Amino acid sequence: MKTGLRITAFAAALAGAFGTAYGVGQTFDPVVAERPRVHEDRHPSGAAESEHGGSSAHAPGGLQISEGGYTLDLDTPTVTAGERAQLRFTVRDADGRAVDEYQREHDKELHLIVASRDLVTYRHLHPERAPDGTWSTPVDLPRAGGYRVFADFTPDRPGAENLTLGADLAASGPYSPRELPRPSATARVDGYDVKLTGTLTPGRAGELRLTVSRDGEPVTDLQPYLGAYGHLVALRAGDLAYLHVHPEGEPGDGTTRPGPHVSFSATAPSGGSYRLFLDFKHDGVVRTAAFTVEAGKATPEGPASPSPGRPEPSGHTDDGHGH
């Protein structure tokens, strides 16, 4: 997550299945989950290959619950859709001890993302760590179904590298699946229009530029958020492989302007559909603009995808994008 970081994720194996199992019948049937047994799901490197090709030795982030000697231990594998709950988890080392020292990156020790399997609901959360190493944060998921929890962090230990671990979460309740939104180069949220230019290219780094405007006028006074003027997460449809980049340049470096353009450099691990989530801050509120793109293909202009709801002061919207 360093500024100007070029994220190069290789196509990879979805290492063994982990997470919550929940029953999904026909539309509007209830979703129920069982608690997973975390420590039995360690995944050896290079153990599997997926439909996207490659080996798990070079897996994109978020596909594994354990990597590099660290495990994401999700203590809350089930929540109820539409009800506020406390999401608790611990990052454990190879000896099973809770990690309690982290490097701060972009103002945080750990970044937590929760996304639904259909990529319609998205949460960027900021958990707090207790002295015993347990992390917790409130969460309110609007829809029943399967979710993926991503913990993005770097342990404060010699030689430690940045990791993104993933675990499954189930939201119980009446379930109705949704289709992935159609590709579009424009998104609309709370009166703001965000336009995407550039192409996410498999195996090759490329620039993604996002331009923010409101009421037809460019926004030139974006506010810093997590040490940057924008925060971008890309998730691959199907397995939710995770790419996380920050824009080129940073506030106060003498060259980076506070809008209307925010540029990123990213590499797709494979072809296929991806969902991009851009967080940006203006007038004291963090908003999320979401796009669907096809890697290796130009994204059609098309009409802007409207956001079904206005953000609350915390930045939540009715379509499940929130902070």
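We use all heavy atoms of the structure for the numbers below, so side chains are in, but hydrogens, waters and symmetry mates are not. Computed from a predicted model, the values in this text were never measured in an experiment.
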Asks: Give the minimum heavy-atom separation between Leu200 and Ala268, together with the two atoms involved.
Replies: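 Result for this residue pair: CG-CB, 3.7 Å.
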Asks: Measuring from Ser66:OG to Leu163:CG, what's the distance to the nearest 0.5 Å?
Replies: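 Atom-to-atom, Ser66:OG and Leu163:CG are 10.5 Å apart.
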Asks: Is it true that Asp193 and Arg188 have a side-chain N and a carboxylate O under 4.0 angstrom from each other?
Replies: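 Result for this pair is yes, salt bridge flagged.
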Asks: Does Leu169 reach the side chain of Leu141, with side-chain heavy atoms less than 4.5 Å apart?
Replies: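 The answer is yes; the side chains approach within 4.5 Å.
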Asks: Could you please spell out the steps behind the side chain to side chain contact (heavy atoms under 4.5 Å, CB included) verdict for His106 and His231?
Replies: CA-CA 10 Å; His106 294 277; His231 183 279; over 6 Å; no
Asks: For the atom pair NZ (Lys281) and OH (Tyr229), what is the distance rounded to the nearest 0.5 Å?
Replies: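 That separation rounds to 12.0 Å.
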Asks: Please tell me if the side chains of Val189 and Phe280 come closer than 4.5 Å, counting only heavy atoms from C-beta onward.
Replies: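 Sidechains of Phe280 and Val189: in contact.
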Asks: To the nearest 0.5 Å, tell me how far Thr220 OG1 sits from His282 NE2.
Replies: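 If we round to the nearest 0.5 Å, Thr220:OG1 and His282:NE2 are 7.5 Å apart.
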Asks: Would you say the side chain of Val91 lies within less than 4.5 Å of the side chain of Leu110, judging by non-hydrogen atoms?
Replies: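 Side-chain contact under 4.5 Å: yes.
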Asks: Are a donor atom and an acceptor atom from the side chains of Ser273 and Glu294 found within less than 3.5 Å of each other?
Replies: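 Checked: Ser273/Glu294 side chains pair up, N/O donor to acceptor below 3.5 Å.
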Asks: With a 4.5 Å cut-off on side-chain heavy atoms, are Pro142 and Arg123 touching?
Replies: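 Yes. Closest side-chain heavy atoms under 4.5 Å.
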Asks: Checking Arg143 against Asp118 for the side chain to side chain contact (heavy atoms under 4.5 Å, CB included) test, could you report, in this order, the C-alpha distance in whole Å, the side-chain angles of both residues, the deciding distance, and whether it holds?
Replies: CA-CA 11 Å; Arg143 302 169 48 244; Asp118 59 13; 2.7 Å; yes
Asks: Looking only at side chains, do Asp73 and Thr71 share a donor and an acceptor under 3.5 Å apart?
Replies: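 Looking only at side-chain atoms, Thr71 and Asp73 do not form any donor-acceptor pair under 3.5 Å.
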Asks: Tell me whether Asp95 contacts the main-chain N or O of Arg97 through its side chain, where contact means a donor paired with an acceptor under 3.5 Å.
Replies: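 No; judged by distance alone, with no hydrogens or angles, the pair does not exist.
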Asks: Closer than 3.5 angstrom, by distance alone: can the side chain of Gln223 be matched with the main-chain N or O of Gly284 as a donor-acceptor pair?
Replies: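 Yes, because the side chain of Gln223 sits within donor-acceptor range (under 3.5 Å) of the backbone of Gly284.
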Asks: Quick one: closest heavy-atom pair of Pro183 and Thr299, and the distance?
Replies: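 Taking Pro183 first and Thr299 second, the nearest heavy atoms are C-CG2, 4.3 Å.
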Asks: How many angstroms lie between atom CZ of Phe291 and atom NZ of Lys195, to the nearest 0.5 angstrom?
Replies: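 The distance works out to 11.0 Å.
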Asks: For residues Arg148 and Asp168, determine if any side-chain heavy atom of one lies less than 4.5 Å from a side-chain heavy atom of the other.
Replies: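 Yes - at least one pair of side-chain heavy atoms lies under 4.5 Å apart.
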Asks: Could you check if a side-chain atom of Leu125 sits within less than 4.5 angstrom of a side-chain atom of Val139, using non-hydrogen atoms only?
Replies: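 Leu125 vs Val139: side chains touch.
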Asks: How far apart are the closest heavy atoms of Ala205 and Thr267, and which atoms are they?
Replies: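 Taking Ala205 first and Thr267 second, the nearest heavy atoms are CA-OG1, 3.1 Å.
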Asks: Distance check, rounded to the nearest 0.5 Å: Gln86 atom CD versus Ser136 atom OG?
Replies: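 Rounded to the nearest 0.5 Å, the CD-OG separation comes out at 5.0 Å.
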Asks: Arg92 and Ala98: which non-hydrogen atoms are nearest, and at how many Å?
Replies: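 Smallest interatomic distance, heavy atoms only, reads NH1-N, 3.9 Å.
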Asks: Please report the shortest heavy-atom distance between Ala144 and Gly173, naming the atom on each side.
Replies: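 The answer is CB-O, 3.3 Å.
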Asks: Are Leu226 and His111 packed together at the side-chain level, in the sense that at least one heavy-atom pair is separated by less than 4.5 angstrom?
Replies: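 Yes; the side chains approach each other to less than 4.5 Å.
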Asks: Are the side chain of Tyr102 and the backbone of Val99 linked by a donor-acceptor contact shorter than 3.5 Å?
Replies: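 Yes.
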Asks: Checking Arg129 side chain against Asp100 main chain: does a donor-acceptor pair fall under 3.5 Å?
Replies: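 Flag set: sc Arg129 to bb Asp100 pair under 3.5 Å.
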Asks: Can you name the closest pair of heavy atoms from Gly238 and Arg117 and give their distance?
Replies: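 Heavy atoms of Gly238 and Arg117 come nearest at O-NH1, 4.4 Å.
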Asks: Applying side chain to side chain contact (heavy atoms under 4.5 Å, CB included) to Ile113 and Tyr122, what does each step give before you reach the verdict?
Replies: CA-CA 7 Å; Ile113 302 294; Tyr122 173 86; 3.5 Å; yes
Asks: Step through the shown structure and confirm whether more than 12 heavy atoms of other residues, nucleotides or ligands are within 6.0 Å of CZ on Arg157.
Replies: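 Atom CZ in Arg157 is crowded, with more than 12 foreign heavy atoms closer than 6.0 Å.
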Asks: When rounded to the nearest 0.5 angstrom, what distance separates CG in Leu235 from OH in Tyr274?
Replies: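 Rounded to the nearest 0.5 Å, the CG-OH separation comes to 10.5 Å.
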Asks: If only atom types and distance count, is the side chain of Thr292 paired as donor or acceptor with the main-chain N or O of Pro181 below 3.5 Å?
Replies: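 A pair under 3.5 Å: yes.
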Asks: Do Leu165 and Ile65 have side chains that approach each other closer than 4.5 Å (heavy atoms only, starting at C-beta)?
Replies: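 Of all side-chain heavy-atom pairs linking Ile65 with Leu165, none is under 4.5 Å.
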Asks: Any donor-acceptor pair under 3.5 Å linking the side chain of Asn162 with the backbone of Phe153?
Replies: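 Yes: the side chain of Asn162 pairs with the backbone of Phe153.
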Asks: I would like to know whether Arg88 and Thr76 meet side chain to side chain contact (heavy atoms under 4.5 Å, CB included); could you show each step before the answer?
Replies: CA-CA 6 Å; Arg88 293 184 175 86; Thr76 314; 3.7 Å; yes
